[in-house]
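Input: a single structure, listed below in structure tokens.
Residues take their numbers from the sequence shown, with the count starting at 1.
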Amino acid sequence: MSRRWIQNPNRCADEYLNGIKDFIEFARRHNPSATRIRCPCRRCNNTLWETVEIVGFHLVRNGMIETYSIWNLHGEQLDHASSSNATRMDNVEPIVDPNDQVMDIIQDAFPFSSTNINHEREDDVATPIDSAEFEQFEKLLKNANQELYLECESFSVLTAIVELMHGKIKYRMSNLCFDYFLGVFKRMLPTDNCLPKDRKHTQKVLNGLELGYEKIHACKNNCMLFYKEHETLDTCPICNESRFKMTSQNRTTKIPQKVMGYLPLKPRLQRLYTSTHTATDMRWHKEKQVDDDVMRHPADGEAWKEFDRTFP
């Protein structure tokens, strides 16, 4: 049986879809009594067990591990010559598609979008969804599925934006420099491309992924914050420095001399516990801690233990 369909980048092609059907039939034939089988998609990597329906869905969405051409984990018998080769292939890290990584980011930001049922329990409570949040999710999903230009398989609009913004931050590119190169890239691409024209428009696309921050005016000399009971003051009560810059009297909006960006803690903690990539680490102190009188984590300290006893 030919397995060339696994290498086909077009997961909507008849060859690929027929190949998935052949694999599902093969797995059912060799595991007739099993209700779940290993999922060989690039994300699950044969480590998670799913129903055959979910496995089929994952293979269309994520693609099969490109090196998994001998289905030994699903009942295929190996001869001696191919045994060592299969062992090597199992140890090869699967190729991760940037578009799949972007979908993972969306699922982390919007947990109600996840289709993975491995961790669902009967007593699970559905994640509440408000209309604004769902609207953001739909916009991101649209950009994640939209081709950067006609017949572009490598990048969606969202994948391109994430890659470019990552480069901007990594190499400390100024906003003016980023806008210049974004304009150059847009002119280089085919005329029907959907790449945003400047940083302002890229930020609008990414709004749904960002956790946001709060801007708080501060004294020029760092004496205080114009916050809570001091929010209405125009001068610092400590050094008498003006809160705002001197501007023309015709200007309607006042420009603060200094602004502090406050990153709220609660939504960031929620994201760390929601994300499938970080939730396990956030629960390590409870689920994986070893009580052997060795200090390897703050949870081994007396202060942590006292806190647990006070607030069980």
How long is the gap from [atom1] on [X] to [atom2] on [Y], to the nearest 0.5 Å?
| X | Y | atom1 | atom2 | value |
| --- | --- | --- | --- | --- |
| Asn45 | Cys39 | CG | SG | 9.5 Å |
| Lys204 | Asp198 | NZ | CG | 8.5 Å |
| Leu59 | Ile54 | CG | CD1 | 11.0 Å |
| Asn143 | Thr202 | CG | OG1 | 11.5 Å |
| Met64 | Ser69 | CE | OG | 10.0 Å |
| Cys177 | Arg172 | SG | CZ | 14.5 Å |

Find out whether [X] and [Y] are in side-chain contact, i.e. whether some heavy atom of one side chain is under 4.5 Å from a heavy atom of the other.
| X | Y | answer |
| --- | --- | --- |
| Trp71 | His30 | no |
| Leu164 | Phe181 | no |
| Phe155 | Glu147 | no |
| Phe26 | Glu76 | yes |
| Tyr180 | Leu176 | no |
| Cys41 | Val55 | no |
| Ile20 | Val60 | yes |
| Thr51 | Thr35 | no |

Closest heavy-atom pair and its distance - [X], [Y]:
| X | Y | result |
| --- | --- | --- |
| Met165 | Leu206 | CG-CD1, 3.7 Å |
| Asn8 | Tyr16 | O-CD1, 3.9 Å |
| His201 | Pro196 | CB-CB, 3.8 Å |
| Val294 | Asp300 | O-OD2, 3.3 Å |
| Cys44 | His58 | SG-ND1, 3.4 Å |
| His74 | Ala27 | CD2-CB, 4.3 Å |

- request: May I have the step-by-step check of side-chain contact (heavy atoms from CB on, under 4.5 Å) for Lys168 and Arg199, ending in yes or no?
  value: CA-CA 10 Å; Lys168 177 186 183 302; Arg199 185 183 64 90; 3.8 Å; yes
- prompt: Are more than 12 heavy atoms from other residues, nucleotides or ligands located less than 6.0 Å from atom NZ of Lys305?
  reply: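 Yes.
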field: Heavy atoms of other groups near Arg4 CZ, more than 12 under 6.0 Å
entry: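 No, because the 6.0 Å sphere around CZ of Arg4 holds 12 heavy atoms or fewer from other groups.
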- prompt: Are Met260 and Ile255 linked, directly or through other ILVMFWY residues, by side chains that come within less than 4.5 angstrom of each other?
  reply: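 Cluster IDs for Met260 and Ile255 differ.
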task: Indicate if Ile216 and Val259 have the same hydrophobic cluster label, given that clusters are the connected sets of ILVMFWY residues with side-chain heavy-atom separations under 4.5 angstrom.
output: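 As far as the 4.5 Å side-chain criterion goes, Val259 and Ile216 are not connected within one cluster.
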message: Restricting to side-chain hydrogen bond (donor to acceptor under 3.5 Å, both in side chains), what partner residues turn up for Glu241, sequence neighbours left out?
response: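 By the side-chain hydrogen bond (donor to acceptor under 3.5 Å, both in side chains) rule, Glu241 matches Gln257.
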message: Between His217 and Phe244, is the side-chain contact (heavy atoms from CB on, under 4.5 Å) condition met? List the steps.
response: CA-CA 9 Å; His217 295 179; Phe244 302 101; 4.0 Å; yes
For [X], what residues pass the side-chain contact (heavy atoms from CB on, under 4.5 Å) criterion, not counting sequence neighbours?
| X | result |
| --- | --- |
| Asp281 | none |
| Ser156 | Asn99, Leu158, Thr159 |
| Arg283 | Tyr273, Ala279, Thr280, Glu287 |
| Leu263 | Tyr213, Arg268 |

Counting only pairs under 3.5 Å, give me each side-chain donor-acceptor contact of residues 219-238, with atom names and distances, residues two or more places apart or in other chains.
{"from": "Asn222", "atom 1": "OD1", "to": "Lys258", "atom 2": "NZ", "distance (Å)": "3.0"}

message: Closer than 4.0 angstrom, basic N to acidic O: yes or no for Lys170 and Glu163?
response: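 Looking at Lys170 and Glu163, the cut-off is not met.
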- request: Show which residues join Ile169 in its hydrophobic cluster (side-chain heavy-atom contacts under 4.5 Å, direct or indirect), or state none.
  value: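 Members other than Ile169 - counting any ILVMFWY side chain reachable under 4.5 Å - there are none.
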query: Remaining members of Tyr171's ILVMFWY cluster at a side-chain heavy-atom cut-off under 4.5 Å?
result: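 Answer for Tyr171: none, a lone residue.
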field: Partner set under salt bridge (charged side-chain N to carboxylate O under 4.0 Å, His left out) for Arg309, not counting sequence neighbours
entry: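 For Arg309, the residues satisfying salt bridge (charged side-chain N to carboxylate O under 4.0 Å, His left out) (neighbours in sequence not counted) are Glu302, Glu306.
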message: Run the ring-ring contact (aromatic ring centres under 6.0 Å, His included) test against Phe307 and tell me which residues pass, sequence neighbours left out.
response: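 Only Phe311 meet the ring-ring contact (aromatic ring centres under 6.0 Å, His included) criterion with Phe307.
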query: Can you list the residues that meet the ring-ring contact (aromatic ring centres under 6.0 Å, His included) rule with Trp304, with sequence neighbours excluded?
result: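 With sequence neighbours excluded, Trp304 shows a ring-ring contact (aromatic ring centres under 6.0 Å, His included) to His285, His297, given in chain and number order.
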message: Could you walk me through whether Arg43 and Asn62 satisfy the side-chain hydrogen bond (donor to acceptor under 3.5 Å, both in side chains) test, starting with their C-alpha distance in whole Å, then the side-chain angles of each, then the deciding distance to 0.1 Å, before giving a yes or no?
response: CA-CA 7 Å; Arg43 185 177 180 187; Asn62 305 326; 5.7 Å; no
task: Report the C-alpha distance between Glu15 and Lys21 in whole Å, list the side-chain angles of each, state the deciding distance to 0.1 Å, and finish with yes or no for salt bridge (charged side-chain N to carboxylate O under 4.0 Å, His left out).
output: CA-CA 10 Å; Glu15 179 195 26; Lys21 291 179 182 178; over 6 Å; no
Using residues 185-192 as the side-chain source, report each donor-acceptor pair under 3.5 Å to any protein atom, sequence neighbours left out, with the distance given to one decimal.
{"from": "Lys186", "atom 1": "NZ", "to": "Asn193", "atom 2": "OD1", "distance (Å)": "3.1"}
{"from": "Lys186", "atom 1": "NZ", "to": "Leu195", "atom 2": "O", "distance (Å)": "2.7"}

- request: Taking atom types as modelled, find out whether Asn46 and Arg38 have a side-chain donor-acceptor pair closer than 3.5 angstrom.
  value: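 No - no donor-acceptor pair under 3.5 Å links their side chains.
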- prompt: Short question: side chain of Arg243, backbone of Pro256 - any donor-acceptor pair under 3.5 Å?
  reply: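 No; zero donor-acceptor contacts below 3.5 Å.
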